[in-house]
There are 2 protein chains.
Amino acid sequence: MRADAKRNRDRIVEVARDVFREQGYDASLDLVAKRAGVGAGTLYRHFPTRDDLIDALMQSWVDRVTESTDKVLAFEGSDRDLLLRWFETYVELISLHKGGPAKITTAMGNPESPIRSKCQVLSGAADRVMDQLAARGALRPGVDSVQVCRLVGGVAAVADQSELDADAVRPLLEVVADGMLARA
Amino acid sequence: MRADAKRNRDRIVEVARDVFREQGYDASLDLVAKRAGVGAGTLYRHFPTRDDLIDALMQSWVDRVTESTDKVLAFEGSDRDLLLRWFETYVELISLHKGGPAKITTAMGNPESPIRSKCQVLSGAADRVMDQLAARGALRPGVDSVQVCRLVGGVAAVADQSELDADAVRPLLEVVADGMLARA
DNA sequence: TTGCTAAACGGAGAGTGTCTCCGTATCGTG
DNA sequence: CACGATACGGAGACACTCTCCGTTTAGCAA
């Protein structure tokens with residue numbers, strides 16, 4: 001890639017991160033191009049679709065997912081608290097931008113999505129947590145990480161849309177957790 | 001209201017119902033106007049926002065909500081099955097159109113929404129079901145119908161976006177139900 | 001350094017959707 | 001039947017997406 005191309009590409013990603021944080025994932029791409037000081041054509045050549053752009057700016061997010069998951073897995077406490085901690089981490093990770101929960105949760109179910117590779121990192125993280133809990137016999141049979149992603153993703157989507165705060169979200173996550181844990 | 005105005009208004013609602021069913025709630029309103037044989041101005045005079053239009057075509061939906069709820073409440077069976085039946089009914093009711101779950105669940109949390117009055121019918125229905133279960137001592141303390149709407153609305157939104165079928169949705173609803181029911 | 005070519009740029013503009021404005025047409029009452 | 005209130009409709013302003021293609025530039029080879 002030519003030096004000027006790389007410069008422009010990087011600048012677009014950087015600007016897009018700010019714009020999406022401000023306005024959500026449906027912000028105008030022409031605005032991104034304008035703020036980045038490039039033409040619309042340049043933006044669309046680098047990133048044919050909106051999702052391609054989102055995919056690019058998620059690189060740093062991937063690192064964050066792994067790091068947060070490690071922290072959760074290292075947690076010493078009851079199974080229920082660990083699961084809840086994971087749920088809260090999950091919600092946080094997908095709620096960094098307005099519209100993120102819906103975007104990511106949808107993408108996880110769609111093999112065609114350009115941001116699928118990033119979603120797989122997240123579902124992999126969910127697998128790690130659920131495997132650990134399953135190994136301890138903490139989960140009901142039939143419960144799997146796909147369900148976790150759907151249920152917690154659904155809660156996060158509602159919370160995002162309705163702008164619920166953490167205090168309103170917690171009881172919802174508790175219900176989901178209690179529905180998944182083996183009966184005492 | 002003048003006779004011609006009423007004629008046009010009714011026709012717009014009728015056409016909008018078809019168009020939204022075909023294309024989802026974000027279909028072009030100009031298309032609705034065109035198919036209804038009226039100008040865009042006429043449509044926007046009757047329905048200043050998209051939500052106002054959606055609100056109008058939900059009238060018949062309201063009847064359906066009440067009817068379905070009655071059927072659930074009359075159900076003879078275990079508390080768990082009744083709750084699950086209600087969840088499935090709820091999902092069905094808000095999933096009649098593509099994008100419905102997200103639309104309705106968001107509106108339920110927003111006092112400003114033009115379709116709020118219709119959503120209140122739904123939350124009222126949820127209250128009836130939850131009250132009946134609570135009276136039997138079937139629910140954990142702290143569980144309320146707002147949580148039900150959020151949780152089940154979240155599941156429905158994910159199912160809608162990812163086009164999950166009923167078989168994939170059921171286990172999710174079971175988790176939620178088990179998380180809400182009093183421990184055996 | 002210079003010349004050349006592939007690579008990249010950028011912005012005008014086509015296509016689509018939202019929503020408004022206002023000249024025109026129609027209703028329905030006195 | 002006449003006339004004001006009411007409603008109509010579609011042109012057009014504005015916003016966004018995405019493409020096309022003439023112009024510019026990076027970077028290499030001589």
Side-chain angles (χ1 to χ4, degrees), chain A residues 1-57 97-100 102-103 106-107 110 112-115, chain B residues 1-57 97-100 102-103 106-107 110 112-115:
Chain A
M1 180 182 293
R2 243 167 62 173
D4 56 342
K6 171 156 174 43
R7 207 160 40 231
N8 276 324
R9 190 180 187 287
D10 290 349
R11 176 137 184 71
I12 289 169
V13 170
E14 191 182 325
V15 167
R17 201 189 309 276
D18 291 344
V19 172
F20 285 161
R21 208 191 310 272
E22 278 171 31
Q23 309 191 10
Y25 281 127
D26 55 352
S28 160
L29 296 186
D30 272 18
L31 173 67
V32 173
K34 183 165 286 182
R35 279 214 210 161
V38 304
T42 300
L43 187 152
Y44 283 97
R45 197 170 339 93
H46 286 298
F47 307 103
T49 73
R50 180 181 296 272
D51 278 345
D52 289 321
L53 177 53
I54 293 172
D55 182 64
L57 60 81
H97 300 294
K98 180 91 180 150
K103 185 109 215 158
T106 302
N110 171 21
E112 307 297 311
S113 169
I115 64 171
Chain B
M1 182 182 290
R2 244 167 62 174
D4 55 342
K6 171 157 176 42
R7 211 163 37 235
N8 275 323
R9 189 180 187 289
D10 290 350
R11 177 137 184 72
I12 289 169
V13 170
E14 192 182 324
V15 168
R17 202 190 308 277
D18 292 345
V19 172
F20 285 161
R21 208 190 311 272
E22 279 171 31
Q23 309 192 11
Y25 281 128
D26 55 352
S28 160
L29 295 187
D30 273 18
L31 173 66
V32 172
K34 183 165 286 181
R35 280 215 210 163
V38 303
T42 300
L43 187 152
Y44 283 97
R45 197 170 337 94
H46 285 299
F47 308 104
T49 73
R50 178 181 297 271
D51 278 345
D52 289 319
L53 178 53
I54 293 171
D55 181 64
L57 60 80
H97 301 295
K98 179 91 179 151
K103 183 111 214 157
T106 302
N110 170 20
E112 306 296 312
S113 169
I115 65 171

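Every chain is numbered from 1, with letters handed out A, B, ... down the list of sequences. Just so it is clear, the structure is predicted and the values come from calculations on it, not from any experiment.
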task: Mind checking the CD1-CZ spacing from A:Ile54 to A:Phe20? Nearest 0.5 Å is all I need.
output: 5.0 Å
Scan the side chains in residues 6-16 of chain B for donor-acceptor partners under 3.5 Å anywhere in the protein, sequence neighbours excluded, and list what turns up.
| from | atom 1 | to | atom 2 | distance (Å) |
| --- | --- | --- | --- | --- |
| B:Lys6 | NZ | B:Asp10 | OD2 | 2.8 |
| B:Asn8 | ND2 | B:Asp4 | O | 3.4 |
| B:Arg11 | NE | B:Ala36 | O | 3.4 |

- prompt: Within this structure, what is the NZ-to-C1' distance between A:Lys6 and C:dC9, rounded to whole angstrom?
  reply: 18 Å
query: To the nearest Å, how far apart are A:Arg11 CZ and C:dG10 C1'?
result: 16 Å
- prompt: Quick one: on DNA chain C, does B:Arg7 or A:Arg9 contact a more 5' nucleotide (nearest heavy atom)?
  reply: A:Arg9
message: Could you report the tightest heavy-atom contact between B:Ala107 and B:Ser113, atom names first, then the distance?
response: CB-OG, 3.5 Å
query: For C:dA8, does either OP1 or OP2 sit under 4.0 Å from a side-chain N or O belonging to A:Asn8?
result: no
task: Could you pull out all residues at least two apart from A:Asp18 that satisfy side-chain contact (heavy atoms from CB on, under 4.5 Å)?
output: none
Inter- and intrachain pairs under side chain to side chain donor-acceptor pair (under 3.5 Å), touching residues 20-31 of chain B, at least two apart: B:Glu22-B:Arg35
field: Minimum-distance pair of heavy atoms, taken over all atoms of B:Ile115 and B:Lys103
entry: CD1-CG, 4.3 Å
field: Spacing between B:Asp4 atom CG and D:dC8 atom P, to the nearest angstrom
entry: 5 Å
query: Of all of residues 12-23 of chain B, which get a heavy atom below 4.0 angstrom from DNA chain C, listed by number?
result: none
statement: Separation of C:dT18 atom C1' from B:Asp52 atom CG, nearest Å, is 15 Å
task: State whether A:His46 places a side-chain N or O below 4.0 Å from either non-bridging phosphate oxygen (OP1 or OP2) of C:dC9.
output: yes
task: Under 4.0 Å between any heavy atoms, over every strand shown, what does B:Ala3 touch: base, sugar-phosphate, or nothing? Just pick one.
output: sugar-phosphate
- line: Scoring nucleotides 11-16 of chain C by protein non-hydrogen atoms under 4.0 Å (B base, S sugar-phosphate only, - none) yields B-----
- prompt: Out of curiosity, B:Thr106 OG1 to B:Asn110 CG, how far, rounded to the nearest 0.5 Å?
  reply: 8.5 Å
- request: Grab the CG-P distance between B:Leu43 and C:dC21 for me, whole Å please.
  value: 16 Å
Filtered N/O pairs between nucleotides 1-7 of chain C and protein, under 3.5 Å:
| from | atom 1 | to | atom 2 | distance (Å) |
| --- | --- | --- | --- | --- |
| C:dA7 | N3 | A:Arg2 | NH1 | 2.7 |

Rounded distance in Å - CZ (B:Phe47) to P (C:dT20): 15 Å
statement: All heavy atoms of A:Pro114 vs all of A:Asp55, minimum pair found to be O-OD1, 3.4 Å
- prompt: Just checking A:Ala36: base, sugar-phosphate only, or nothing, at a heavy-atom cut-off of under 4.0 Å?
  reply: nothing
- prompt: Quick one: A:Tyr44 OH to D:dT19 P, roughly how many Å, whole number?
  reply: 8 Å
Which atom pairs, one a donor and one an acceptor, fall under 3.5 Å between side chains of residues 41-49 of chain A and the rest of the protein, sequence neighbours left out?
| from | atom 1 | to | atom 2 | distance (Å) |
| --- | --- | --- | --- | --- |
| A:Thr49 | OG1 | A:Asp51 | N | 3.3 |
| A:Thr49 | OG1 | A:Asp52 | N | 3.2 |
| A:Thr49 | OG1 | A:Asp52 | OD2 | 3.1 |

query: Taking atom C1' of D:dG9 as reference, at what distance in whole Å does atom CG of B:Leu29 sit?
result: 16 Å
